[in-house]
Undergrad: 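Structure incoming, see below.
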Amino acid sequence: MSTGEQFDPDYYVKWRPPLIPPGQGRQVVRIAIFVLSGILIIMAAVALWRSNLIALPGGRGTIVGKVIAPSEGAVVFTLANPTEIPVGVDGRFTLPDVPSGRQMLYVGFSGTAWEVEVNVPNQGMVDVGVITVETTAEAIRER
C-alpha cells in the first residue's frame with residue numbers, strides 16, 4: 001500500500017468474483033475433466049498392463065536361451081511350468097507356454113540349480129542369452 005491511500009476494512013467483504021457468462025465456464029470445466037479422465041484411464045491401463053498383478057487371458061510366452069555346462073544333463077524349468085526341459089546337445093533350449101510377467105527360470109545341473117529372473121512378454125518370446133553353469137565341488141577320491 002502506498003502512502004496516502006486509505007485502507008478500506010470492508011474491501012474483502014465487498015469483493016465479488018468476476019462473472020462468467022452462464023454455461024461457458026461449465027463447458028470449459030467439463031471438457032477439462034473429460035480430457036484429464038481420459039489421460040488417467042490410459043495411464044492406469046498402461047500401468048496395469050506392465051505390472052505383474054494380472055495375467056492377461058492367453059498371457060503366455062516362450063523363453064529361449066543357451067546353457068553352457070561342463071557335461072550333458074542340464075535341464076531348465078519354471079515353477080509356473082514345472083516340466084523339466086532337457087537342454088540340447090548344443091546347449092540350446094526352448095521353454096514354451098510360460099505365463100507372462102516376471103518368472104524365475106531355473107537351470108538344474110548335477111543336483112544344483114541356478115536362478116535367472118526373466119520378464120516374459122505376453123504372446124512373445126524372450127531370449128535369456130547364454131547361461132554358464134559351473135560346479136565348484138570336486139569328486140571324492142578313494143584311497
Undergrad: List, by chain and number, the other hydrophobic cluster members for Ile31, where Ile, Leu, Val, Met, Phe, Trp and Tyr join if side-chain heavy atoms come within less than 4.5 Å, directly or indirectly.
TA: Val35, Ile39, Met43
Undergrad: On the 0 to 90° scale, with breaks at 30° and 60°, tag the Trp114-Phe109 ring pair as parallel, tilted or perpendicular.
TA: tilted
Undergrad: Scan Val107, Asp90, Thr132, Val130 and name whichever one has a side-chain contact (heavy atoms from CB on, under 4.5 Å) with Val67.
TA: Val107
Undergrad: Is the closest side-chain heavy-atom distance between Arg92 and Val87 below 4.5 Å?
TA: no
Undergrad: Do Val133 and Val116 share a hydrophobic cluster (ILVMFWY, side-chain heavy atoms under 4.5 Å, transitive)?
TA: yes
Undergrad: With rounding to the nearest 0.5 Å, note down the distance linking CG in Asp127 to NZ in Lys66.
TA: 11.0 Å
Undergrad: Could you give the distance from CG (Leu105) to OG1 (Thr78), rounded to the nearest 0.5 Å?
TA: 7.5 Å
Undergrad: How long is the span from the OG1 atom in Thr62 to the CG atom in Asp97, to the nearest 0.5 Å?
TA: 8.0 Å
Undergrad: First locate atom CZ of Arg60, then atom CD of Gln123, and finally report the distance between them rounded to the nearest 0.5 Å.
TA: 10.0 Å
Undergrad: Nearest 0.5 Å please: distance from the CD atom of Glu115 over to the CG atom of Leu79.
TA: 8.5 Å
Undergrad: Can you tell me how far CD1 of Ile85 sits from CZ of Phe77, rounded to the nearest 0.5 angstrom?
TA: 11.0 Å
Undergrad: Which heavy-atom pair separates Pro99 from Val120 by the least distance, and what is that distance?
TA: O-CB, 3.8 Å
Undergrad: Could you check if a side-chain atom of Ile63 sits within less than 4.5 angstrom of a side-chain atom of Val128, using non-hydrogen atoms only?
TA: yes
Undergrad: Looking at every non-hydrogen atom in both residues, tell me the closest pair between Asn119 and Arg102 and how far apart they are.
TA: OD1-N, 3.7 Å
Undergrad: Decide yes or no for Phe34 and Val29: does some side-chain heavy atom of the first lie under 4.5 Å from some side-chain heavy atom of the second?
TA: no
